Amino acid sequence: MTRRAIELLLLVALGAVWGWAEDSPGFTLGGCLLGALTWSVLDGLRARRVLRWLNKAEAARAPNLGGAWGELVERCRKLIKKLEKKAQSSDARLEDFLAAIQASPNGVVLLDSSGRIEWSNLTAANHLGFDPQRDLGQYVRNLVRNPAFTAYLAGGDFGHEIQIDGPGPRPSQPTKISLQVHPYGKKRKLMISRDVTAVQLAEAMRRDFVANVSHEIRTPLTVLSGFVETMQSIPLEEADRTRYLDLMSQQAHRMQTLVSDLLTLSRLEGSPSPGPGEWIDSGELLAHVVQEARGLTQAISATPHLIEPASGPDLWVSGAKTELLSAMSNLLSNAVRYTPGGGTIRPGWRMREEGGVEFFVSDSGPGIAAEHLPRLTERFYRVDRSRSRETGGTGLGLAIVKHVAQRHGGHIEVQSTVGAGSTFAIALPPSRVRQRFSG
Ligand code: ADP
């Protein structure tokens with residue numbers, strides 16, 4: 001303030017001195033006025049600089065002024081700097097929030113009061129098939145063209161979620177998504193989308209599984225209860241009684257096998273994979289399952305099969321012995337059950353070209369058409385349904401084999417030609433094998 005007053009006085013005095021030098025009182029007064037005018041022009045220019053700078057409000061470009069204007073500029077500069085810092089940290093926090101929402105496995109869409117997209121993460125854009133940049137500001141109902149969704153949005157009852165078909169057709173896009181709207185603020189909405197394809201699939205598989213198990217159990221139960229009723233209501237000859245009891249025992253056995261296979265499968269699915277476990281002599285495993293298969297062919301075939309184990313490398317394999325035995329004997333028992341009596345079955349171990357080892361079973365049976373091969377390891381999938389039933393199959397054998405192989409880091413392989421027999425193999429990785437003489 002003082003500086004401005006001094007400047008004013010100085011300029012007025014200068015004007016007065018100039019007027020006085022002209023030796024006229026009129027010029028002295030005029031000089032004073034001219035000095036005052038010059039001061040106000042200069043002051044106005046400074047004010048303009050300050051105002052221009054305030055319009056842009058960038059702390060770094062503050063004009064360099066002295067006196068009262070300089071102090072005003074400095075105070076404003078400090079204030080602007082403070083605000084700039086605050087804005088920067090708010091921006092950084094917003095970026096963090098948005099990055100966190102981007103990383104969410106759920107889709108997030110922010111809608112304004114009239115249902116236009118204000119922001120969406122990439123997941124939501126993928127779920128709903130829109131472009132997170134280009135479609136900003138679009139009405140969501142125009143982009144998600146689904147009658148159930150339109151009704152949900154218009155209904156205003158957001159207490160529950162809805163499920164709609166995904167946008168397809170890219171494989172990365174979900175086929176089923178769940179949507180729920182959460183109102184917030186002034187008529188704004190937060191919409192969450194979730195990919196429920198896997199949940200739906202699991203639910204469908206669970207329903208199929210329960211239906212299959214019920215069906216498998218119902219048949220022997222119906223037969224059993226039928227015989228029980230007959231035996232309760234009609235006095236039977238000894239021979240009929242014995243025959244009925246035999247049939248009843250067969251059905252009870254069938255249910256037992258089914259329950260036992262189901263338990264095996266659920267144990268395999270529910271327990272951690274076996275570690276290196278014990279090292280087992282591959283020849284001993286082979287001898288065990290061959291003996292079992294010879295017993296089976298004697299029991300079920302009028303003309304027993306020729307079971308000829310192939311000679312192979314002398315190996316130790318590592319894993320869970322009971323699981324390996326169960327998988328191997330499932331393959332051998334299938335070969336016996338599906339190959340007509342008198343046929344040849346060759347089980348054995350052999351090294352694999354790409355490393356590792358495999359247990360294989362070749363048979364001279366009917367073979368399997370190519371279209372069935374990919375589905376053979378599905379639970380309850382059967383090619384020859386009647387042969388499976390006749391021979392006590394549960395439809396779970398190959399599912400068990402697949403699980404055992406996978407738990408040991410391996411896989412199951414099938415080669416088959418209709419009319420020329422089949423070869424099933426359990427391939428094990430090199431880490432599960434070592435030559436017998438080395439250990
Ligand atoms: P199942 O208890 O019915 O034998 P699996 O899961 O063991 O069930 O086998 C699935 C189906 O694969 C069988 O129903 C059968 O039709 C077919 N299959 C399995 N092994 C053979 C084989 N060696 N030769 C011909 N078909 C086979």
Side-chain angles (χ1 to χ4, degrees), residues 205 208-209 211-213 215-217 219-220 250-251 253-269 289-290 292-294 296-297 299-301 304-310 323-348 358-407 411-427:
M205 276 171 70
D208 279 0
F209 182 69
N212 276 325
V213 172
H215 177 78
E216 294 292 331
I217 289 182
T219 318
Q250 262 177 32
Q251 297 303 327
H253 183 69
R254 191 172 149 190
M255 284 197 289
Q256 261 172 353
T257 322
L258 177 70
V259 170
S260 142
D261 276 2
L262 282 171
L263 285 175
T264 305
L265 256 184
S266 90
R267 244 196 319 270
L268 291 176
E269 283 173 347
V289 290
V290 165
E292 246 181 28
R294 285 192 174 133
L296 180 66
T297 184
I300 67 168
S301 312
H305 298 85
L306 195 63
I307 300 178
E308 288 184 324
E323 286 184 27
L324 290 173
L325 275 176
S326 138
M328 291 164 68
S329 80
N330 261 310
L331 290 190
L332 257 175
S333 97
N334 276 357
V336 170
R337 292 189 298 117
Y338 295 105
T339 304
T344 308
I345 295 168
R346 274 171 62 81
E358 69 183 23
F359 169 75
F360 69 94
V361 179
S362 294
D363 64 51
S364 60
I368 302 163
E371 73 260 26
H372 295 294
L373 297 182
R375 299 196 59 189
L376 281 186
T377 55
E378 282 175 27
R379 296 162 183 189
F380 300 112
Y381 189 84
R382 294 171 170 108
V383 183
D384 187 344
R385 194 160 281 276
S386 58
R387 181 85 190 136
S388 165
R389 290 255 156 75
E390 270 165 34
T391 55
T394 58
L396 298 173
L398 291 179
I400 292 175
V401 177
K402 181 180 93 174
H403 269 88
V404 171
Q406 285 177 346
R407 282 163 59 79
H411 61 274
I412 176 170
E413 272 179 19
V414 190
Q415 277 166 5
S416 191
T417 314
V418 177
S422 315
T423 299
F424 284 76
I426 301 168

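All ligand and atom numbering here is 1-based and tracks the order in the structure. Source: prediction; values computed, not measured.
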Gln415, CD: over 12 other non-hydrogen atoms inside 6.0 angstrom: no
Heavy-atom closest contact (His305 atom, Pro340 atom, distance): NE2-O, 3.3 Å
Passing candidate, side chain to side chain donor-acceptor pair (under 3.5 Å) with Glu323, options Arg407, His403, Arg267: Arg407
Neighbour list for ligand 1 [protein residues, heavy atom under 4.0 Å]: Asn334, Ala335, Arg337, Tyr338, Asp363, Ile368, Leu376, Tyr381, Arg382, Val383, Asp384, Ser388, Gly393, Thr394, Gly395, Leu396, Gly397, Leu398, Ser422, Phe424
Exercise: identify the closest heavy-atom pair between Asp384 and Tyr338: O-CE2, 4.2 Å
Heavy-atom closest pair, residues Pro347 and Ile345: CD-O, 3.5 Å
Any Glu216 side-chain heavy atom under 4.5 Å of Arg389 side chain: yes
